[in-house]
**Q** 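Quick one: the structure is below, and I'll ask about it shortly.
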Amino acid sequence: MADVDRLFDELAAAYVRGERPELASYLARAGDDADELARLVDAFLQTVPAPEPTDDEVAVLRARLEGEPGLLALRTRRGRKLDDVVDDLAGRLEVDDRTRLRRYYQRLEGGVLDPHPVDERVWSALRGVFGTSVRTMIRPLATRQGGSAMAYYRRTGSASADPASPPSSAATPAEPPAVADVDPAPAARDELDRLFLGTG
Amino acid sequence: MLSASQSDHDDADLLADGRIEHLLAKYEPVIVARCIKATKSVHDGHDVAQDVMFRLFREFEAGKRYETLPYRVVVYQVTKWTLADFFAGRRTDSPLPDDLELGADDPADRVVSELWLREVVDQLPEVERAACTLVYLEGLGPEQAAKVLGTTRNNVDQRLFHARKRLRELTGDDG
C-alpha cells in the first residue's frame, strides 16, 4: 500500500477521535505525494461530521477573535509559566541556550514572529508541550478594534525576529505588533536561529 | 461520531445561541485543509484560512444566520469564494458582497450538503464496511481495527481501499 494511504488512514482516524492532527506535518511526511494526500484529506473532511472542539480550543478561538494571540491564550489557560514552557521546549529541541530560546518563544507566542519559516521540529515540539497542534492558533483572527488581523500582517509585511530583542509587551498586545517593534534578522544564523527563522 | 443531521442540528443551535467561536473552532481544521489543498501551499493555505475564518466572523457579526442552510455548507461556500478571491488577486479579508447568495444552486455545493462518508461506507460489502466504520467513523487506528476484527493490519489496509477510492473519485483523482 502506498505511503500516502497509510498517512491518510492515520490522520483520518486521529481526526475522528478529535485529536486535531496537524495536516502540514503529514504533508511533509508525504513528500512528493503531498498534493494527493491533501486532496484525499480535504474530501474526507468534507464528508464526515466535524468533531466537537474541546473547551480549550473554543477558549483559544474566542481569544483570537478578541485580538489576542492564541498560543498565549492557551498557555494562560493551562496555567503554565513562560519559563516552564521554555524549559520543556528546550528539552524537546535539545537547545542549551535557553535565554535566546525564551526570546524566540516569546516572539512566537506574542504574534511578533512570522510563523511561516518556523521549522517543523518546533511545531512538533510545541505539540508535545501543549498536547495539541498550535500551528494554526499563533496569530489573532481579528484586531481589538474588530478589523482583520491578516490584513494587518499583510500591510506590515512578515515579521522576522532578532533574538537579542524580545517583544516589549508580548503578553497582551492591543493590536497585532507594529513592524517597527521588530528588529532585523541576524546576519549569520546558527541552528537555533534557523529553527525559528528558517534558512533565510 | 454524530450523524450528519445531528451535527447540523447542533450547529444551528450554536449559531442561534451566538456561539460563533465554538463553530469556528469546530470547522477550522476543515477550512485549513481545503485552503492548503487548493493553494498547494501550507503557508498560503494557512493565511487564506485565517481570512475565511474572519469572513465567517464578519458574516455572523452582520447578523447572518442562514436558517435554511447547514452551517457546514456556509463554511464550504465562504471558503470557496475566498479562494476564488485569492486566485483572482482580490482582497481575501474584505466583507463578502451583499449580492452573494448563500445556498445558491451549485453542483459542487450539493456534493458537500448531500454526500456523507457514512453513506459510502454503508454501501460497501460487509467485510469492508466493518473496517471502514472502525477507522474512518469511529477513529480506531488501523492496528487497533485489525485487533478488533481479528485480522492483520495489511488486511485492514486492503479493506479500506474502496472508501479511499470513492474519496479520490470525489476529488477527480482516481489514481
Side-chain angles (χ1 to χ4, degrees), chain A residues 1 5-6 8-10 12-21 23-24 27-28 34-54 57-65 115-117 133 135-142 146-151 153-154, chain B residues 1-4 6-8 10 19-22 24-30 32-34 36-38 40 42-43 46-47 49-51 53-54 57 61 72 76 91-94 111-112 115-118 120 135-142 154 157-158 160-161 164 167-168 170-171 173 175:
Chain A
M1 188 174 67
D5 289 343
R6 284 184 180 269
F8 170 73
D9 291 347
E10 189 181 314
Y15 176 77
V16 171
R17 290 194 298 270
E19 291 179 9
R20 301 259 170 161
L23 177 56
L27 296 177
D35 284 349
E36 186 190 353
L37 179 60
R39 285 196 297 270
L40 207 47
V41 170
D42 175 55
F44 177 74
L45 298 193
Q46 299 291 340
T47 53
V48 295
E52 288 301 310
T54 64
E57 287 160 354
V58 173
V60 165
L61 208 298
R62 184 182 302 119
R64 292 169 65 203
L65 290 174
H116 292 332
S133 172
R135 187 178 196 134
T136 60
M137 68 171 65
I138 295 297
R139 288 172 161 172
L141 280 167
S148 161
M150 270 312 297
Y153 285 115
R154 286 198 185 93
Chain B
M1 175 182 280
L2 289 175
S3 68
Q6 183 60 51
S7 179
D8 288 345
D10 291 350
R19 295 169 65 188
I20 186 65
E21 69 277 9
H22 191 114
L24 292 179
K26 179 175 178 176
Y27 284 101
E28 184 170 32
V30 181
V32 168
R34 168 133 295 213
I36 289 177
K37 172 242 180 183
K40 299 183 186 298
V42 170
H43 297 171
H46 276 119
D47 286 354
Q50 292 249 127
D51 290 327
M53 304 268 285
F54 183 71
F57 178 55
E61 294 260 281
R72 59 190 159 84
Y76 177 86
R91 284 191 64 169
T92 48
D93 50 45
S94 54
V111 169
V112 175
L115 194 144
W116 285 84
L117 190 62
R118 183 178 293 277
V120 172
V135 176
Y136 296 145
L137 300 177
E138 304 296 338
L140 263 64
N154 203 38
D157 291 340
Q158 290 170 8
L160 301 176
F161 172 80
R164 284 193 305 265
L167 287 170
R168 284 193 167 97
L170 280 177
T171 68
D173 171 20

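Values reported hereafter were calculated over all heavy atoms of this structure, with side chains retained and with hydrogens, waters and symmetry mates removed. Residue numbers start from 1 in every chain, and the chains themselves are labelled A, B, ... in the order their sequence lines are given, proteins ahead of strands. Here the structure is a predicted model, which is why all the values come from computation and not from measurement.
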**Q** Can you tell me which portion of A:Leu27 sits under 4.5 Å from chain B's heavy atoms? Options are side chain, backbone, both or neither.
**A**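 A:Leu27 touches chain B through side-chain heavy atoms alone.
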
**Q** Go through the atoms of B:Arg19 and report whether side chain, backbone, both or neither lie under 4.5 Å from a heavy atom of chain A.
**A**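 Answer is neither: B:Arg19 stays 4.5 Å or more from chain A.
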
**Q** Where on B:Pro29 is there a heavy atom nearer than 4.5 Å to chain A: the side chain, the backbone, both, or neither?
**A**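 The answer is both parts of B:Pro29.
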
**Q** Rounded to the nearest 0.5 Å, how far does OG1 of A:Thr136 lie from CD of B:Glu28?
**A**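 The CD atom of B:Glu28 sits 4.0 Å away from the OG1 atom of A:Thr136.
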
**Q** Hey, what do you get for CG (A:Asp42) to CD1 (B:Ile36), rounding to the nearest 0.5 Å?
**A**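 One gets 10.5 Å once the value is rounded to the nearest 0.5 Å.
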
**Q** Does any N or O in the side chain of A:Arg17 come within less than 3.5 Å of the main-chain N or O of B:Gly139, such that one atom is a donor and the other an acceptor?
**A**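 Side chain of A:Arg17 to backbone of B:Gly139, a donor-acceptor pair under 3.5 Å: yes, one is there.
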
**Q** How far does OG of A:Ser148 sit from CE of B:Met53, to the nearest 0.5 angstrom?
**A**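 Interatomic distance, A:Ser148 OG to B:Met53 CE, rounded to 0.5 Å: 12.0 Å.
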
**Q** Using non-hydrogen atoms only, which part of B:Val42 is less than 4.5 Å away from chain A: side chain, backbone, both, or neither?
**A**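 Only the side chain of B:Val42 comes within 4.5 Å of chain A.
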
**Q** Are the ring centres of A:Tyr15 and B:Tyr136 closer than 6.0 Å?
**A**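 Ring centroids of A:Tyr15 and B:Tyr136 are no less than 6.0 Å from each other.
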
**Q** Measuring only between side-chain heavy atoms, which start at C-beta, is B:Lys26 closer than 4.5 Å to A:Leu61?
**A**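 No; the side chains remain at least 4.5 Å from each other.
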
**Q** First locate atom OH of B:Tyr27, then atom CG of A:Leu45, and finally report the distance between them rounded to the nearest 0.5 Å.
**A**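 One gets 11.5 Å once the value is rounded to the nearest 0.5 Å.
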
**Q** Would you indicate whether the side-chain heavy atoms of B:Leu24 and A:Leu65 approach each other to under 4.5 Å?
**A**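 The answer is yes; the side chains approach within 4.5 Å.
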
**Q** Is there a side-chain contact between A:Arg6 and B:Asp157 (heavy atoms, below 4.5 Å)?
**A**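 Yes. Closest side-chain heavy atoms under 4.5 Å.
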
**Q** What distance do B:Phe54 atom CZ and A:Met150 atom CE have between them, rounded to the nearest 0.5 Å?
**A**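 Output value for this atom pair is 11.5 Å.
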
**Q** If I measure from the heavy atoms of chain B, does A:Arg20 come under 4.5 Å with its side chain, its backbone, both, or neither?
**A**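 Contact with chain B involves the side chain of A:Arg20 alone.
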
**Q** Using side-chain heavy atoms (C-beta onward) and a distance below 4.5 Å, is A:Val41 in contact with B:Lys37?
**A**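 Not touching, per the 4.5 Å side-chain cut-off.
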
**Q** Does A:His116 form a side-chain contact (heavy atoms from CB on, under 4.5 Å) with B:Asp47? I'd like the steps, not just the answer.
**A** CA-CA 10 Å; A:His116 292 332; B:Asp47 286 354; 3.0 Å; yes

**Q** Flag the pair A:Glu36 and B:Arg168 as a salt bridge only when some basic side-chain nitrogen lies within less than 4.0 angstrom of an acidic carboxylate oxygen.
**A**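 Judged by the 4.0 Å cut-off on N to carboxylate O distance, A:Glu36 and B:Arg168 do form a salt bridge.
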
**Q** So, do A:Val16 and B:Glu138 sit near enough that their side-chain heavy atoms are less than 4.5 Å apart?
**A**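 The answer is no, as the side chains (C-beta and beyond) never meet within the 4.5 Å cut-off.
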
**Q** Which distance, rounded to the nearest 0.5 Å, do you find between the CZ of B:Arg164 and the CG of A:Asp9?
**A**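 The CG atom of A:Asp9 is 4.5 Å from CZ of B:Arg164, to the nearest 0.5 Å.
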
**Q** Does either side chain, that of B:His22 or that of A:Glu57, offer a donor lying less than 3.5 Å from an acceptor on the other one?
**A**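 No.
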
**Q** Non-hydrogen atoms of chain A under 4.5 Å away: do they reach the side chain of B:Thr92, the backbone, both or neither?
**A**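 Just the side chain, heavy atoms under 4.5 Å.
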
**Q** Can you find a heavy atom in the side chain of A:Arg154 that is under 4.5 Å from one in the side chain of B:Asp51?
**A**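 SC-SC contact between A:Arg154 and B:Asp51 confirmed.
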
